[in-house]
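A quick note: this is a predicted structure, and the numbers were derived from the prediction, not measured.
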Amino acid sequence: MQGGAPEAPEASPFDGDEAPERPDTERPSGGAPIDLGTLFDRYAAYVGAVALRLLGRPEDVDDVVQDVFLAAHKSLRHADDPRQVKRWLAKVTVRTARRRLRMMRAKGFLGMGDEPDYEFLADEGASPEQRTLLAAIYDVLERLPVNQRLCWQLRFVEGHKLEDVAELNGCSLATAKRRIAATQTALREAFEP
């Protein structure tokens, strides 16, 4: 699955990458204040890549990135640990994607939604069969409950550990496992002869 998905983000929000600048008005060392633009420059591509893979619709990615950084503007000034910024942005991205997926589902139910084209999600080097399979997987995911879909995508598309999937979704580990298993069953049933 990952071979056919877009390039992976630079690192998991749970990796120990170097700490971003403190998003408070001043750094503890008394250095110059850091602004939202710096955070945006550092993390916008990461947020956009995650949003694209979760939504599967490029036309919604800019809105998600904007919503995530609007939330950052309102909340990150109070961050106690600057090393947690990327983790926090990942959580906000998942929450924002969840809202967007639910809205798209409601529009589809009312006949106002557009039919998505998921074949563009595959890498440029993907074969036509891989593109078709990836589109078919996203088509199945589109019909599943949003929370169930997100858990599976975070596990198998984003490559997060189960504990991280649970944290990003704000659910227990057991719930994350159940959601992933239910999605696996739905996909198996969709592709069995």
Side-chain angles (χ1 to χ4, degrees), residues 1-21 23 36-73 75-76 79 82-104 114 116-126 130-131 133-142 144 146-170 176 179-180 183:
M1 174 69 186
Q2 283 183 326
E7 252 182 62
E10 66 200 46
S12 164
F14 301 96
D15 289 344
D17 64 335
E18 72 268 9
E21 301 294 337
L36 186 62
T38 302
L39 291 174
F40 184 85
D41 290 345
R42 180 157 186 192
Y43 294 112
Y46 168 75
V47 169
V50 172
L52 176 62
R53 288 188 296 270
L54 293 178
L55 298 173
R57 299 170 188 235
E59 63 272 12
D60 292 315
V61 171
D62 287 342
D63 290 340
V64 170
V65 171
Q66 184 177 9
D67 290 348
V68 168
F69 282 95
L70 180 61
H73 176 68
S75 300
L76 278 178
R83 294 170 298 201
Q84 299 298 317
V85 170
K86 190 172 183 183
R87 179 185 295 254
W88 185 85
L89 288 171
K91 285 181 184 180
V92 175
T93 302
V94 171
R95 271 197 308 262
T96 305
R98 178 180 294 113
R99 280 192 306 271
R100 176 91 35 187
L101 287 167
R102 287 179 175 156
M103 184 178 65
M104 289 186 306
D114 296 329
D117 175 19
Y118 296 119
E119 288 192 27
F120 74 91
L121 287 171
D123 289 335
E124 290 178 18
Q130 290 171 324
R131 289 178 184 282
L133 177 60
L134 186 62
I137 289 169
Y138 268 85
D139 189 51
V140 172
L141 293 174
E142 189 78 25
L144 296 176
V146 171
N147 287 329
Q148 188 175 314
R149 166 189 179 156
L150 288 174
C151 283
W152 187 88
Q153 287 178 290
L154 288 167
R155 179 71 174 122
F156 294 108
V157 176
E158 293 297 309
H160 290 291
K161 294 182 271 184
L162 287 169
E163 296 80 8
D164 299 337
V165 170
E167 182 179 339
L168 284 169
N169 277 284
R179 290 173 179 171
I180 291 167
T183 303

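Heavy atoms only, all atoms of each residue included: A51 and V64 are closest at CB-CG1, 3.7 Å. Taking each heavy atom of R57 and M104 in turn, the nearest pair found is CD-SD, 3.1 Å. In terms of heavy-atom proximity, A71 sits nearest to V92 at CB-CG1, 4.0 Å. For the pair Y46 and A90, the tightest heavy-atom approach, listed with the atom from each and the gap, is OH-CB, 3.6 Å.
With a 4.5 Å cut-off on side-chain heavy atoms, E158 and D164 do not count as touching. Annotation: side chain of L141 is in contact with side chain of L144 (closest heavy-atom distance under 4.5 Å). In this structure, the side chains of L89 and L39 stay at 4.5 Å or more apart for every pair of heavy atoms. Residues L150 and L101 have side chains in contact (heavy-atom distance under 4.5 Å, counting atoms from C-beta outward). Using a 4.5 Å heavy-atom cutoff, the side chains of V65 and F40 are in contact.
The side-chain contact (heavy atoms from CB on, under 4.5 Å) test applied to A176 returns C151, V165, A166, C171, not counting sequence neighbours. In this structure D63 satisfies the side-chain contact (heavy atoms from CB on, under 4.5 Å) test together with Q66, R100, sequence neighbours excluded. Shown here are the salt bridge (charged side-chain N to carboxylate O under 4.0 Å, His left out) partners of R149, two or more places apart in sequence or in another chain: E142.
Side-chain N or O atoms of Y138 include one that pairs as donor or acceptor with a backbone N or O of R53 at under 3.5 Å. Within the 3.5 Å criterion, the main-chain N or O of E124 finds a donor-acceptor partner in the side chain of R131.
Taking CD from E167 and NZ from K161, the interatomic distance works out to 10.5 Å, rounded to the nearest 0.5 Å.
Between W152 and F156, the ring planes lie tilted relative to each other; the angle falls in the 30° to 60° range.
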